[in-house]
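Only one structure is covered here, and it is reproduced in the block below.
Side chains are part of it too, since the values below use all heavy atoms of this structure and drop only hydrogens, waters and symmetry mates. Keep in mind that this is a model prediction, so the values were computed, not measured. The chains referred to below are lettered A, B, ... by the order of the sequence lines, with proteins before strands, and numbering in each begins at 1.
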There are 4 protein chains.
Amino acid sequence: MASNKYEEIVQAAVELFEKKGYHATSVQDIADAVGLQKGSLYHYISGKEDLLLGLAQRAITEFNQRMERILSSERSAQDKMKEALSMHLELITHDVQLSTVLLRESVALGERPQQVVKEATDLYLDLWTRLLAEGIEAGEFRPGNPRMTALAILGACNWVFRWYQEDGTLRSQAIADIYADLFFDGIKK
Amino acid sequence: MASNKYEEIVQAAVELFEKKGYHATSVQDIADAVGLQKGSLYHYISGKEDLLLGLAQRAITEFNQRMERILSSERSAQDKMKEALSMHLELITHDVQLSTVLLRESVALGERPQQVVKEATDLYLDLWTRLLAEGIEAGEFRPGNPRMTALAILGACNWVFRWYQEDGTLRSQAIADIYADLFFDGIKK
Amino acid sequence: MASNKYEEIVQAAVELFEKKGYHATSVQDIADAVGLQKGSLYHYISGKEDLLLGLAQRAITEFNQRMERILSSERSAQDKMKEALSMHLELITHDVQLSTVLLRESVALGERPQQVVKEATDLYLDLWTRLLAEGIEAGEFRPGNPRMTALAILGACNWVFRWYQEDGTLRSQAIADIYADLFFDGIKK
Amino acid sequence: MASNKYEEIVQAAVELFEKKGYHATSVQDIADAVGLQKGSLYHYISGKEDLLLGLAQRAITEFNQRMERILSSERSAQDKMKEALSMHLELITHDVQLSTVLLRESVALGERPQQVVKEATDLYLDLWTRLLAEGIEAGEFRPGNPRMTALAILGACNWVFRWYQEDGTLRSQAIADIYADLFFDGIKK
DNA sequence: AATGAATGAGCATTCATTCAT
DNA sequence: AATGAATGAATGCTCATTCAT
């Protein structure tokens with residue numbers, strides 16, 4: 001179980017990385033935010049980059065675990081899909097700051113750690129692709145390219161971090177309903 | 001008519017910003033890429049940030065102009081929509097590097113220039129929203145929230161820069177066809 | 001109590017600014033003088049300009065405090081004037097380097113900090129003007145324009161930094177005596 | 001006879017050096033002021049420093065020539081002194097900008113050129129010293145240290161550049177009268 | 001655990017000067 | 001005479017990280 005201080009640091013980092021960006025956030029900024037000296041921070045973290053990597057992993061892991069749970073449940077593909085949309089948008093909007101850091105700042109990572117994140121997000125894409133493939137196989141969804149469809153849906157859902165404001169009027173479930181309607185039935189009359 | 005050297009610099013910047021990110025790209029890197037001394041660059045550019053701003057504006061302006069042309073054409077909303085999808089994906093994939101810089105690196109801009117870019121992209125969103133609203137009004141599209149739909153579609157389309165490889169197998173028109181099918185008719189059987 | 005290192009830096013800066021001038025002195029020069037890396041300097045100072053501003057303020061403050069003490073003492077205007085001349089020349093010659101930086105390098109400051117210094121030196125002029133006005137009112141000095149007289153006397157006294165050498169033969173009190181004689185009785189037989 | 005363009009450059013340099021200081025004035029600034037490209041300037045000047053040196057020499061030479069003329073005239077020491085005061089203050093105030101550059105910016109010169117200026121100003125001090133010595137010898141002035149007196153008087157007079165505003169209310173002759181009164185008879189009743 | 005001094009590499013930018021055209 | 005591209009050294013400053021205390 002991680003110490004309180006570490007969690008404080010992580011939270012401060014999320015907020016700062018989201019507000020100013022990873023590069024524009026100095027280790028000093030983070031230290032200030034938690035009331036520690038710059039040097040003292042290194043008792044808890046091994047470096048600025050590892051902080052970001054940890055953040056990103058923490059975020060993507062949550063997505064993957066939830067998605068795996070949904071996939072392994074006993075429901076129609078259509079229901080799973082609705083559930084997945086709700087889950088994804090709920091995670092994105094519940095902690096937009098963390099989502100933003102994952103989706104916007106991961107590029108700041110070096111080659112190796114970036115690869116680590118990429119693998120986790122690739123897995124997430126695979127899970128969605130599998131869900132869509134299952135639906136097609138089950139005859140619930142029209143035949144098509146499930147990977148491309150997954151990319152489109154995830155793109156639409158991830159993009160939410162760009163415009164969602166925590167104080168916005170739309171609840172994540174409302175967004176999920178609208179998106180589900182769009183992806184299930186399209187816009188055509 | 002802009003000088004050749006300036007265009008060379010701009011192109012080098014696009015490539016470097018895309019490959020390494022804005023922050024990880026030093027002015028020295030750009031200078032090296034065009035075979036100039038660091039100081040000599042400043043005959044052509046007024047600063048690193050202006051280079052990025054110029055790039056972003058150049059990119060978003062193209063999107064806006066093309067979209068305005070489509071909107072003002074005499075066609076059904078459905079046709080315009082197909083055209084818009086093709087156009088957007090064509091622009092994204094034709095110069096993925098530039099698109100990536102626009103969509104991924106604009107955050108590196110300071111407050112003011114970032115606002116400038118935001119205004120241009122907000123306009124683009126408005127144009128898409130208008131297109132969808134027209135379709136609903138014309139009875140071609142099902143009633144709904146056109147702004148939300150535009151956000152979903154644009155999210156899906158923009159996300160392409162994250163996975164598209166120029167040497168990929170898919171032509172932008174193929175992607176457009178798949179996306180159009182998804183957005184028009186949905187995945188449900 | 002300021003740290004030793006900071007005082008070392010300040011002293012090095014005074015010496016370098018005096019010897020080479022503010023602009024010709026690089027932060028590297030100062031770092032070298034105190035045996036620190038350039039970057040390490042910034043633990044103690046917030047910038048080169050602030051170093052100069054601090055120096056100038058430190059110097060002018062001393063002048064003002066001493067002058068206020070003299071003004072508020074119970075003596076004839078003539079005695080106060082003698083005292084003020086001694087004080088001013090003592091300060092100038094005791095730390096010619098600091099005086100030189102104050103009088104010669106303050107122009108290097110930006111608009112705002114320069115204004116700060118100007119206000120302090122304006123106050124000093126006011127104190128001298130008040131002293132002269134008191135003397136006129138008391139009937140000790142001939143009627144005249146006390147501000148102009150103050151400007152003349154201060155000009156003469158400040159100019160000393162231009163020719164005084166610490167290893168010179170003249171003690172500051174000797175200069176004060178000569179100047180007092182000149183300003184009190186003039187050169188005419 | 002120097003070309004018009006050269007005079008234009010010199011004048012622009014005086015104005016800029018006075019307004020912004022030598023170091024803060026770039027060659028580009030001067031070029032802009034005369035409507036030339038930076039490179040073209042070098043057809044007229046051999047460098048930025050030479051420009052300053054030329055300016056300073058031009059200024060100090062004028063002082064020296066005028067002073068020599070006064071010294072060699074047939075008048076009482078007292079009259080010469082009055083004349084010298086008028087002349088000095090007239091020169092200072094008539095072209096405060098040039099005076100300011102001479103008195104404030106000469107430090108920016110390198111060792112050698114600075115020495116050149118110093119020699120010229122030392123000569124000027126000698127001329128004043130000689131004038132005062134003559135007056136003492138002639139029994140017009142009280143015995144004393146003529147060099148010290150000259151330093152005091154010149155200090156007072158030079159200081160004028162620090163507070164004189166061209167649009168000020170005081171004519172240089174008015175200043176000269178007040179200063180003459182001070183230096184001849186002192187402030188004591 | 002915490003400090004804070006110190007590092008040293010790195011960065012964007014400026015600038016006086018040169019020179020081929 | 002004039003240009004303007006190019007130089008290359010220099011500058012003030014930032015910052016992630018280390019480490020002795």
message: So, OP1 or OP2 of dG4(E): does either fall under 4.0 Å of a side-chain N or O from Tyr44(C)?
response: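 For dG4(E), OP1/OP2 do not have a side-chain N/O of Tyr44(C) under 4.0 Å.
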
query: Hey, does the side chain of Gln37(A) come within less than 4.0 Å of dG4(E)'s phosphate (OP1/OP2), counting only N and O?
result: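 Checking dG4(E) against Gln37(A), a side-chain N or O does come within under 4.0 Å of OP1 or OP2.
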
What I want to check is whether the side chains of [X] and [Y] have a donor and an acceptor closer together than 3.5 Å.
| X | Y | result |
| --- | --- | --- |
| Gln115(D) | Glu111(D) | no |
| Thr25(A) | Asp29(A) | no |
| Gln28(D) | Asp32(D) | yes |

message: Can you tell me how the ring of Tyr124(A) sits relative to the ring of Phe63(A), calling it parallel under 30°, perpendicular over 60° and tilted otherwise?
response: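 Ring orientation of Tyr124(A) relative to Phe63(A): perpendicular.
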
message: For DNA chain F, which residues of residues 12-19 of chain D approach it to below 4.0 angstrom with any heavy atom?
response: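 Residues of residues 12-19 of chain D that come under 4.0 Å of DNA chain F do not exist, since none gets that close.
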
query: Centre of Tyr22(C)'s six-membered ring, under 6.0 Å away, within 45 degrees of the axis: is that where NZ or CZ of Lys48(C) sits?
result: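 That pair qualifies as a cation-pi contact.
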
task: Dot-bracket for DNA chain F, please, read 5' to 3', with Watson-Crick or G-U wobble pairs under 3.5 Å on both distances, ( ) within the strand, [ ] crossing, | other strand, . unpaired.
output: .||||||||||||||||||||

- prompt: Can you list the residues that meet the side-chain hydrogen bond (donor to acceptor under 3.5 Å, both in side chains) rule with Arg58(B), with sequence neighbours excluded?
  reply: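 Arg58(B) satisfies side-chain hydrogen bond (donor to acceptor under 3.5 Å, both in side chains) with Glu7(B) once adjacent residues are dropped.
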
field: Non-neighbouring partners of Ala13(B) that pass side chain to side chain contact (heavy atoms under 4.5 Å, CB included), sequence neighbours left out
entry: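 Checked Ala13(B) against side chain to side chain contact (heavy atoms under 4.5 Å, CB included); matches are Phe17(B), Ile30(B), Leu51(B), Leu55(B).
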
task: Indicate for each nucleotide in nucleotides 14-21 of chain E, in 5' to 3' sequence, whether protein heavy atoms under 4.0 Å reach the base (B), only the sugar-phosphate (S), or nothing (-).
output: BBBBB---

field: Partner set under salt bridge (Lys or Arg N to Asp or Glu O under 4.0 Å) for Lys38(B), not counting sequence neighbours
entry: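 Partners of Lys38(B) by the salt bridge (Lys or Arg N to Asp or Glu O under 4.0 Å) criterion come out as none, since no residue qualifies.
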
- prompt: Does any non-hydrogen side-chain atom of Gln114(B) lie less than 4.5 Å from one of Ser106(B)?
  reply: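 Not touching, per the 4.5 Å side-chain cut-off.
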
